[in-house]
Undergrad: 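Let me begin by handing over the structure; questions about it come next.
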Amino acid sequence: MNRSHSCGELSANHVGQQVVLMGWVQKRRDHGGVIFLDLRDRGGVVQVVLSPDLQKETFEKGQAVRPEYVLAVWGEVKRRPPGTENPNMATGQVEVAAEGIRILNAAKSLPFYPGDAPEVDEALRLRYRYLDLRRPECWQAFTLRHQAAKVIRDFLTNRGFLEVETPMLTRSTPEGARDYLVPSRLNPGQFYALPQSPQLFKQILMIAGFERYFQFARCFRDEDLRADRQPEFTQLDIEMSFINEQDIQSLTEEMLAELFKQVLGRELAVPFPRLSYQEAMDLYGSDKPDLRFGMQIVDVSSHVRDSTCRVFSDAVKRGGVVRGIRVPGAASFSRKVLDELGKLVTSWGARGLAWFQLGDEGIRSPLAKLFTPRELEDLVAKMGGEKGDLLLFIADKKDVTESVLGQLRLEMAGRLGLIDSDQFSFVWITDFPLLEYNEEEKRFEAVHHPFTAPREEDIPLLETDPGKVRARAYDLILNGTELGGGSIRNHSRELQERLFRVIGLPQDAIEEKFGFLLEALDYGAPPHGGIAFGFDRMMMLMLHLNTIRDVIAFPKTQSATCLLTKAPAPVTAKQLAELHITCADNKIKVIR
RNA sequence: GGAGCUGUAGUGUAGUGGUUUAACACGUCGGCCUGUCAAGCCGAAGAUCGCGGGUUCGAGUCCCGUCAGCUCCGCCA
C-alpha cells in the first residue's frame, strides 16, 4: 500500500476522494462511540474519524492507538458536518473517514510530547532529539536552512563559482584556535587536525586557477562554547581571484539581498553601511556594533580635563578618557537600578559608573556638587542631554572605557526595549589593524589570520610600528553579531614571509608549517581574496532564534558533549594500541 | 580557568519562617461517553526532592562539596 497524499495537503477540493495517509498520531480524542485522531506528517495535520457505523473492525483497532503511534489510514475525504469545522486548522474543513487503519509501529509513553518541547528542559530535548525535532517549527527551521543553501548555491553557480570540497583530515598549523586532532594509525605518533576553516586550501585553489570557489564547509574549533558557538559548525566559504575589497563586498551584498528576498521575502537596503574599526570602537565601543539603535558614545575627555571633578579630570590626566552615553527617558531609574548598573560595570572591569539624572528638578547625581554649574551645563550640552534623560559616564583607560560603554549600551537598549527585533541591520567594519600585541606572549599576532594582506601604504611600518599597520580585511556584522569576515590575501611570497617573521614565527617553523603555502606562492599565485560566513549564525538570525543549536540538527552541549549519542566516549585499549596512543593519566577510563 | 542562574512524579511548576500524608496542572493507566479538536466526567498509579556530606531533635527548605544543563567573561587566527 502506498501513501497517496500528505495529511496537510487535504482540503475541500479532495472531498469524495479515497486517500491513503501515513503519519504519526498527534492526538487521540476518544468519545467512546467515536474516536478522533489527529494524524501528522511533514505536510501537516488532518483529523481522522474512526466510527463503528462505518467500519466496526477499524474502530476497534483504534482503541489501542496512542499518541505518536505510526499509522497507515485509508478512507474517504469528507466535508465535516456543519458546525464542526475547525478554523484553527489548515485542513479544518475536512476529515478522513477511516475505512481501515494499520499500526505501522507502536510507541511507548514518551518522555515528552513534541508539542510540549518548547517548555521542556533543553538537556532532555537533546537526549531525545528526535522527539524534539518532531515538530513543524523545527522542520520549518531546517527547511529554511535548506532553501538558504540552495539560493546561495544557485546564486554563486550563476556567477561562475565552483563548489569544491577540501580535506577534513589536514595538518595542524600554529596560530588560531585549538585544533581537534586525529591520530594516524599508519604514521605512528603523527596527527591530522580537523580544519578550523579551509583557508589555505581555498587560497591554493586560487593558485590552481579556479578563480571562483565556494563551499559549505564544516569547521572545527576546540574552544569553549557559547549560544552562537559550537565546536563543529558550517561556514559558507568564498574565494575569488583578481578582485579587490569592493568586489567581495558587492558580491556579498547581492548574494544576501537575493537570499533574504527569496527565503524571507524581504528587501535589503544595499549597499550596507560601512564603519572603520576606529569609528566602530569610538561610537559603539565594539567591533561588532548593533546598529538597530543609536545611543552613540560621546567623548567628553577634553571638556572635563580641567574640571573641578577629580574623578573625571584625573582619569584624563592619567592618559585615560571620559566617555558617556545618553540614555533617553531613563532619568526615572531608581537608585537601586543605578546601583545595579554600577555593580555591572565594575564586573566588566571599570572603576565605577558616573550617572546624571536629568530630572524635572534639575540634575541629580552624586557627582553633581563636584562640578561648577557652568561645567555641568557644558557636559549636558555636549551629550545632547534633554529633560528625562540619564547620562552615564565611564572614566578609565581607553580600552576599558570602550568595552564597558559598549556593553552598557547594549544593556540599556535591552532594558528599555529599544531594539526592534524584526529589523536586519547590516554593517561592514573595515580598516582593522593587521596585528595586535599579545601581552602574554610578548609578541604581535594577526587580528584576523596571518594570510591577510596589509594596506599597501602601511607595508613600510611592518617592522617599525606593526600596531599601526591596517589590514585589507572586512567583517560583516548583522544586529551586533559577527556574521562573516574576510580579506585580501598575501599573494607574494616575500610579503607573506615577512608577515610570519613579524608575528614571531621562527624561520624553521615557517618552513615546517607553511612551506607548502610559500612554495605555492612562488609558482604564479594570482592576487586573490575572499570571505567566510557563519552559516549557522546566519540561519539563527534570519529565524530570530537565540542559539545556533536550534538550526543544527544534532548540537553539542556547552561542555561539547552530545546527549543523544553520549559522545565523546571511552574507546577500547585495542583501538588505542592500534593508534599508538596511551593515556598519560592512568585514572582516565579506557575500555578493556 | 572564572562568575551567575537552574535542578522537586513522565513533563511544567508550587512548596512560605525547619516538622505528620511533598501540592497543582498536563500526561499516563482504568471506567463512562457517537462530533470532539486544550474534548468532558469518575477513579487510580506515579517522587529515594540531581548526587554526597554537614548543622539540627527534625532538612525539599540552611551550610559545604560535587555532577549536569544554560548564560556570560577568559578563549574563539
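If you're wondering where the values come from, they're calculated on a predicted model, not measured in any experiment. Below, chains carry the letters A, B, ... as their sequence lines are ordered, and counting in each starts from 1.
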Undergrad: Taking only the P atom of each, what is the distance from rA22(B) to rG60(B) in whole angstrom?
TA: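 The answer is 11 Å between these two P atoms.
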
Undergrad: When you compare the side chain of I548(A) with that of M539(A), does any pair of heavy atoms fall below 4.5 Å?
TA: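 Result no, sub-4.5 Å side-chain heavy-atom pair not found.
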
Undergrad: With side chains defined as the heavy atoms from C-beta onward, is the minimum distance between F554(A) and T565(A) less than 4.5 Å?
TA: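 Answer no - side chains too far apart.
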
Undergrad: Can you pull every protein N or O that's under 3.5 Å from an N or O on nucleotides 28-33 of chain B?
TA:
from, atom 1, to, atom 2, distance (Å)
rC29(B), OP1, R66(A), NE, 2.8
rG30(B), OP2, R66(A), NH2, 3.4
rC33(B), N3, D30(A), O, 3.4
rC33(B), N3, G32(A), N, 3.2
rC33(B), N4, G32(A), N, 3.4

Undergrad: Measure from NZ or CZ of R537(A) to the centre of the six-membered ring of F233(A), then state whether that distance is under 6.0 Å and the direction lies within 45° of the axis.
TA: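 The answer is no, since R537(A) fails at least one limit relative to F233(A).
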
Undergrad: Using atom CZ of R28(A) as one end and atom P of rG35(B) as the other, report the distance to the nearest whole Å.
TA: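 Rounded to whole Å, this separation is 16 Å.
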
Undergrad: For rA59(B), which nucleotide is its Watson-Crick or G-U wobble mate, given both distances must be under 3.5 Å?
TA: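 Here rA59(B) is not engaged in any pair, so there is no nucleotide opposite it.
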
Undergrad: Can you tell me the base-pairing partner of rC75(B)? Count Watson-Crick or G-U wobble geometry only, both distances below 3.5 Å, and say none if there is no partner.
TA: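 Partner of rC75(B): none.
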
Undergrad: Detail all sub-3.5 Å separations between protein N/O atoms and N/O atoms belonging to nucleotides 6-10 of chain B.
TA:
from, atom 1, to, atom 2, distance (Å)
rG10(B), O2', P111(A), O, 2.4

Undergrad: Taking the C1' atom of each, how far is rG27(B) from rG12(B), in whole Å?
TA: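 Comparing C1' positions in rG27(B) and rG12(B) gives a spacing of 11 Å.
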
Undergrad: Tabulate protein N/O versus nucleotide N/O from nucleotides 42-44 of chain B, keeping only pairs under 3.5 Å, one per line.
TA:
none

Undergrad: For K556(A), check salt bridge (charged side-chain N to carboxylate O under 4.0 Å, His left out) against everything at least two apart and list the hits.
TA: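 Scan of K556(A) (salt bridge (charged side-chain N to carboxylate O under 4.0 Å, His left out), adjacent residues dropped) gives E232(A).
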
Undergrad: Tell me every residue that passes side-chain hydrogen bond (donor to acceptor under 3.5 Å, both in side chains) with R79(A), counting only those two or more places apart in sequence or in another chain.
TA: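 Not a single residue meets the side-chain hydrogen bond (donor to acceptor under 3.5 Å, both in side chains) criterion with R79(A).
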
Undergrad: Please measure how far the P atom in rC62(B) lies from the corresponding atom in rG43(B), and state the result in whole Å.
TA: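 One P to the other, the span is 36 Å.
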
Undergrad: According to salt bridge (charged side-chain N to carboxylate O under 4.0 Å, His left out), who are the partners of D508(A), at least two apart in sequence or on a separate chain?
TA: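 None.
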
Undergrad: With side-chain contact (heavy atoms from CB on, under 4.5 Å) as the test, pick out the partner of P454(A) among L499(A), V502(A), I488(A), L435(A).
TA: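 That would be L499(A).
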
Undergrad: State, yes or no, whether a side-chain contact exists between F293(A) and L416(A) at a heavy-atom distance under 4.5 Å.
TA: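 Counting from C-beta outward, F293(A) and L416(A) never come under 4.5 Å.
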
Undergrad: Is there a donor N/O on one and an acceptor N/O on the other, under 3.5 Å, for the side chain of R125(A) and the base of rU11(B)?
TA: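 Side chain to base: no pair below 3.5 Å.
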
Undergrad: If the C1' atom of rU61(B) is compared with that of rC76(B), how far apart are they to the nearest Å?
TA: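 Result for the C1' pair: 41 Å, nearest Å.
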
Undergrad: So if I define the base as every atom that isn't primed, P, OP1 or OP2, how would nucleotides 65-75 of chain B read as a B/S/- string at a heavy-atom cutoff under 4.0 Å?
TA: ----SBBSBBB

Undergrad: rG4(B) pairs with which nucleotide, Watson-Crick or G-U wobble, both distances below 3.5 Å?
TA: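 Matched rG4(B) with rC70(B) under the 3.5 Å cut-off.
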
Undergrad: Both E119(A) and R537(A) contact RNA chain B. Which one's nearest nucleotide lies toward the 5' end?
TA: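 Its nearest nucleotide lies further toward 5', so the answer is E119(A).
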
Undergrad: P atom, rA47(B) versus rG40(B): distance in rounded Å?
TA: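 After rounding to an integer number of Å, I get 26 Å for this pair.
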
Undergrad: Between M89(A) and D38(A), is there a side-chain heavy-atom distance shorter than 4.5 Å?
TA: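 Yes. Closest side-chain heavy atoms under 4.5 Å.
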
Undergrad: Mapping A177(A) and V120(A) to their closest nucleotides on RNA chain B, which lands nearer the 5' end?
TA: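 Nearest-nucleotide comparison on RNA chain B picks V120(A).
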
Undergrad: Within residues 468-489 of chain A, find the residues that approach RNA chain B with a heavy atom at under 4.0 Å, and present them sorted by residue number.
TA: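 Here the set is empty: none.
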
Undergrad: Provide the Watson-Crick or G-U wobble partner of rC32(B), both distances under 3.5 Å; none if there is no partner.
TA: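 Across all strands, the one nucleotide that pairs with rC32(B) is rG40(B).
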
Undergrad: Between Y277(A) and F432(A), how do the two ring planes meet: parallel, tilted or perpendicular, split at 30° and 60°?
TA: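 Ring orientation of Y277(A) relative to F432(A): tilted.
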
Undergrad: Any chance CD of E137(A) has more than 12 other-residue heavy atoms, nucleotides or ligands included, within less than 6.0 Å?
TA: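 Yes, because the 6.0 Å sphere around CD of E137(A) holds more than 12 heavy atoms from other groups.
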
Undergrad: Distance check, C1' atoms only: rC49(B) and rA59(B), in whole angstrom units.
TA: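 The same atom, C1', in both gives a distance of 11 Å.
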
Undergrad: List the residues meeting ring pair (Phe, Tyr, Trp, His ring centres under 6.0 Å) with F59(A), not counting sequence neighbours, and say none if there are none.
TA: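 Applying ring pair (Phe, Tyr, Trp, His ring centres under 6.0 Å) to F59(A) gives none.
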
Undergrad: Let me know the distance between CD1 of I35(A) and C1' of rC37(B), rounded to the nearest Å.
TA: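 The distance from CD1 of I35(A) to C1' of rC37(B) comes to 15 Å, rounded to the nearest Å.
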
Undergrad: Applying the Watson-Crick and G-U wobble criteria at under 3.5 Å, what pairs with rG65(B)? Answer none if nothing qualifies.
TA: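 rC51(B) - that is the nucleotide pairing with rG65(B), both distances being under 3.5 Å.
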
Undergrad: Contact class for E445(A) vs. all strands (heavy atom < 4.0 Å): base, sugar-phosphate, or nothing?
TA: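 Here E445(A) touches no strand at all.
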
Undergrad: Partners of P67(A) by side chain to side chain contact (heavy atoms under 4.5 Å, CB included), sequence neighbours excluded?
TA: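 Counting only residues at least two positions away or on another chain, P67(A) forms a side chain to side chain contact (heavy atoms under 4.5 Å, CB included) with Y113(A).
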
Undergrad: Could you check whether N490(A) and Q496(A), counting side-chain N and O atoms only, form a donor-acceptor pair closer than 3.5 Å?
TA: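 Yes, N490(A) and Q496(A) have a side-chain donor paired with an acceptor closer than 3.5 Å.
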
Undergrad: Measure the distance from CG on L50(A) to P on rU36(B) and round it to the nearest whole Å.
TA: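 L50(A) atom CG is separated from rU36(B) atom P by 17 Å.
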
Undergrad: Which part of the nucleic acid, if any, lies within reach of E68(A) when heavy atoms closer than 4.0 Å are counted: base, sugar-phosphate only, or nothing?
TA: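 The residue E68(A) makes no contact with any strand.
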
Undergrad: State, with a plain yes or no, whether a side-chain heavy atom of D536(A) is found less than 4.5 Å away from one of Q230(A).
TA: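 No - every pair of side-chain heavy atoms lies 4.5 Å or more apart.
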
Undergrad: Mind checking who rG17(B) pairs with, Watson-Crick or G-U wobble, both distances under 3.5 Å?
TA: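 By the stated definition (distances under 3.5 Å), nothing pairs with rG17(B).
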
Undergrad: Going by salt bridge (charged side-chain N to carboxylate O under 4.0 Å, His left out), name the residues that satisfy it together with D550(A), two or more places apart in sequence or in a different chain.
TA: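 Partners of D550(A) under the salt bridge (charged side-chain N to carboxylate O under 4.0 Å, His left out) test: none.
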
Undergrad: Can you tell me how far P of rA39(B) sits from CG of L37(A), to the nearest Å?
TA: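 Those two atoms, CG and P, are 13 Å apart.
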
Undergrad: Rounded to the nearest Å, what distance is computed from the CD atom of residue E95(A) to the P atom of nucleotide rG35(B)?
TA: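 The distance from CD of E95(A) to P of rG35(B) comes to 12 Å, rounded to the nearest Å.
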
Undergrad: If I pick the C1' atom on rU20(B) and the same atom on rG58(B), what distance separates them, to the nearest angstrom?
TA: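 The answer is 12 Å between these two C1' atoms.
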
Undergrad: Atom CZ of R29(A) to atom P of rU36(B): distance rounded to whole Å?
TA: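 From R29(A) CZ to rU36(B) P: 10 Å.
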
Undergrad: Return each pair, listed once, that meets side-chain hydrogen bond (donor to acceptor under 3.5 Å, both in side chains) where at least one residue sits in residues 121-130 of chain A; pairs must be two or more places apart or across chains.
TA: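 Matches after skipping sequence neighbours: E122(A)-R549(A), R125(A)-D132(A), R129(A)-D132(A).
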
Undergrad: At their closest point, which heavy atom of P114(A) faces which heavy atom of R40(A), and how far apart are they?
TA: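 P114(A) and R40(A) have their closest heavy atoms at CG-NH1, 4.4 Å.
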
Undergrad: When rounded to the nearest Å, what value does the distance between P atoms of rG10(B) and rU48(B) take?
TA: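 These two P atoms come out 7 Å apart once rounded.
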
